[in-house]
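Index from 1, following the sequence.
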Amino acid sequence: LTILTACIAFAGWLTWSADAQEKTRKGSVEVNMRQKLAGTSKVLEGLAIEDKELVHEGAMELTELSKAEVWQVLTDAVYREHTQTFRSAVKRLDEAAQKSEFASAQLEWLDATKRCFDCHNHIRAQRAAAK
């Protein structure tokens, strides 16, 4: 009876621990998404007022966030490709803004934004397939 009770308690602890880790991870992803939105706001504002420093600040935040562990929600090659193409688009955006080529920077921003949607769609498709 003692062993059975211990096994049940241990199984309960494992379930609770896994749930807690999942909630922590989801919380981290949520925080990361809010940080990405803050970076995107800086880029958009910088493009709207042609402030290359603000664009640069937002672009650097987005680049650094894309390297964070919490960003790595999938490990497949397609996901890695989405991440790389996003970073490339942000880099081109920043380079164009630093040259005060704001029309080009705006187009690169549209490309970076499209890359976000592509990646989010891929993640949703992968999660749906896993269910």
- Query: Between D94 (side chain) and V90 (backbone), is there a donor-acceptor pair under 3.5 Å?
  - Reply: no

- Test item: R87 side-chain N/O and S66 main-chain N/O as donor-acceptor pair under 3.5 Å: yes

- Rounded distance [0.5 Å steps], CD in Q35 versus CG in L62: 10.5 Å

- Item | Separation of E95 CD from H56 NE2 (nearest 0.5 Å) | 11.0 Å

- Can D111 and E108 be said to form a side-chain contact (heavy atoms from CB on, under 4.5 Å), step by step? CA-CA 5 Å; D111 186 44; E108 294 299 345; 4.1 Å; yes

- Atom pair NZ/CD of K42 and E53 - distance to nearest 0.5 Å: 12.5 Å

- What is the distance from atom OG of S100 to atom CD of E50, rounded to the nearest 0.5 Å? 8.0 Å

- CA sep, side-chain torsions, deciding dist, call: I123, H82, side-chain contact (heavy atoms from CB on, under 4.5 Å): CA-CA 10 Å; I123 292 168; H82 282 304; over 6 Å; no

- Item | Minimum heavy-atom distance C119-Y79, with the two atoms named | SG-CE1, 3.5 Å

- Calculate, to the nearest 0.5 Å, the distance between atoms CG and SG belonging to L37 and C116 respectively. 9.0 Å

- Write down the atom of A105, the atom of A96, and the distance for their closest heavy-atom approach. N-CB, 3.6 Å

- Message: Applying a strict under-4.5 Å side-chain criterion to I, L, V, M, F, W and Y, I'd like to know whether V43 and M33 cluster together.
- Response: yes

- Task: Calculate, to the nearest 0.5 Å, the distance between atoms OG1 and CZ belonging to T113 and F86 respectively.
- Result: 8.0 Å

- Message: Whether the side chain of R115 engages the backbone of T83 through a donor-acceptor N/O pair (distance < 3.5 Å, no angle test) should be reported.
- Response: no

- Task: Mind running side-chain contact (heavy atoms from CB on, under 4.5 Å) on V73 and Q126 for me, showing each step along the way?
- Result: CA-CA 11 Å; V73 295; Q126 291 299 309; over 6 Å; no

- Dump the intermediate steps for side-chain contact (heavy atoms from CB on, under 4.5 Å) on R34 and V31, then the final yes or no. CA-CA 5 Å; R34 293 287 170 204; V31 167; 5.7 Å; no

- Are L107 and L54 connected in the hydrophobic side-chain network, where two residues link if heavy atoms are under 4.5 Å apart? no

- Note on the structure: Shortest non-hydrogen pair, L47 vs W109, comes out as CD1-CB, 3.5 Å

